[in-house]
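Start at 1 with the first residue, then count along the sequence. Read the numbers this way: they start at 1 and go in the same order the structure lists the ligands and their atoms. Computed from a prediction, not measured in an experiment: that's the story for all the values here.
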Amino acid sequence: MTDGAGAFVISGPTAVGKGTVVTALKAKYPNIRVSVSVTTRPPRPGEVDGVHYWFVDDAEFDELIARDGLLEWATVHGTHRYGTPRRGVMDSLAAGHPTILEIDLQGARQVRRSLPEAYQIFLAPPSWDELVRRLRGRGTESEAQMNTRLRTAREELAAAAEFDIVVRNITVEQTISELVDLLGL
Ligand code: 5GP
């Protein structure tokens with residue numbers, strides 16, 4: 001349990017349901033802010049610039065790194081780069097909003113240095129089989145991309161103990177109620 005106005009890292013393997021849980025939490029608690037990451041990945045159908053991500057090219061991403069504009073960044077699944085804009089997070093915290101960073105394991109590790117006061121939550125799947133089922137069900141990745149993501153997921157699951165707490169995402173409702181407690185909402 002925290003005082004409710006800090007920074008929270010939510011990490012966990014691909015397709016564990018981070019997006020669903022964070023969207024539901026935000027709908028219920030409009031005071032929450034979710035950091036919008038920058039990425040060099042092209043938008044998926046339906047993704048909106050400035051809402052789901054800030055979509056940038058490699059040169060723009062390089063420039064953000066050069067002027068220390070990112071709290072963390074990483075190459076995820078061996079392909080595209082993703083990063084957390086420093087300014088958005090700092091402004092949100094200064095305005096007193098509980099602020100969520102939904103980022104991968106490499107990013108979470110960097111945030112332990114760049115924003116050590118952030119409370120780090122690891123979202124775990126009910127089981128390995130269920131994670132595979134969810135990833136296949138999403139249907140947005142090719143077979144090769146899926147295998148890369150599953151390999152990364154195995155490594156990420158092995159790092160759960162580095163986090164302040166592990167929340168097992170069995171049902172969205174149960175997970176939300178645990179997060180509400182943890183975030184002190
Ligand atoms: P996707 O391409 O499916 O939207 O995201 C792929 C992965 O990138 C997810 O595991 C997500 O947590 C991670 N990710 C999204 N934004 C960031 C970020 O700003 N920094 C880091 N390190 N990872 C991110």
- Task: Give the intermediate values and the outcome of side-chain hydrogen bond (donor to acceptor under 3.5 Å, both in side chains) for residues Q174 and E178.
- Result: CA-CA 6 Å; Q174 174 62 25; E178 284 182 46; 3.2 Å; yes

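When all heavy atoms of Q110 and A74 are compared, the closest pair comes out as NE2-CB, 4.5 Å.
A donor-acceptor pair is defined here as one N or O able to donate and one able to accept, closer than 3.5 Å; no such pair exists between the side chain of T40 and the backbone of V56.
Note that CG of L150 is 7.5 Å distant from OG1 of T14, once rounded to the nearest 0.5 Å.
Distances from ligand 1 to the non-hydrogen atoms of T14 include no value under 4.0 Å. Using a non-hydrogen distance threshold of 4.0 Å, Q106 does not register as a contact of ligand 1. Heavy atoms of W73 stay at 4.0 angstrom or farther from ligand 1. Distances from ligand 1 to the non-hydrogen atoms of R149 include at least one value under 4.0 Å.
V36 and L25 fall into different hydrophobic clusters, where Ile, Leu, Val, Met, Phe, Trp and Tyr are joined by side-chain heavy atoms under 4.5 Å apart, directly or via other members. A single hydrophobic cluster is seen to contain both V180 and V34, as judged by linkage of ILVMFWY side chains at heavy-atom distances under 4.5 Å, directly or through other members.
Residues S35 and S92 are not in side-chain contact: their nearest non-hydrogen atoms beyond the backbone lie 4.5 Å or more apart. Residues I100 and L183 meet the side-chain proximity criterion, which asks for heavy atoms closer than 4.5 Å.
Within the listing of ligand 1, atoms 1 (P), 4 (O), 5 (O), 15 (C), 16 (N) sit less than 4.0 angstrom from a heavy atom of Y53. Less than 4.0 angstrom separates some heavy atom of I103 from each of these atoms of ligand 1: 12 (O), 17 (C), 18 (C), 19 (O), 20 (N), 21 (C), 23 (N), 24 (C). Shown in contact with G107 at under 4.0 Å from a heavy atom are these atoms of ligand 1, numbered in order with element: 22 (N). With ligand atoms numbered from 1 in the order given, ligand 1 contributes 1 (P), 2 (O), 4 (O) to contacts under 4.0 Å with heavy atoms of R41.
Looking at atom 19 (O) of ligand 1, its nearest protein heavy atom turns out to be S37 OG, 2.6 Å. Ranking protein heavy atoms by distance to atom 23 (N) of ligand 1, first place goes to D104 N, 3.1 Å. At the shortest separation from atom 20 (N) of ligand 1 among protein heavy atoms lies E72 OE2, 2.7 Å. Regarding atom 10 (O) of ligand 1, its nearest protein heavy-atom neighbour is K18 NZ, 3.5 Å. The closest protein non-hydrogen atom to atom 3 (O) of ligand 1 is R44 NH2, 2.9 Å. The shortest contact between atom 24 (C) of ligand 1 and any protein heavy atom is with Y82 CB, 3.6 Å. Counting only heavy atoms of the protein, atom 7 (C) of ligand 1 lies nearest to V76 CG1, 3.6 Å.
In the hydrophobic clustering (ILVMFWY side chains linked at under 4.5 Å, chained through shared members), F55 is joined by Y53, V76, Y82.
Of the residues listed (R149, R134, R41), the one engaging E141 in a salt bridge (Lys or Arg N to Asp or Glu O under 4.0 Å) is R149, and it is the only one.
At a 3.5 angstrom cut-off on N or O pairs, E47 does not count as close to ligand 1. For ligand 1, the polar-atom distance check against A74 finds no nitrogen or oxygen pair separated by under 3.5 Å.
Contacts classified as side-chain hydrogen bond (donor to acceptor under 3.5 Å, both in side chains) and involving residues 161-170 (residues at least two apart or in different chains) are given here: R109-E162, R112-E162, N169-T175.
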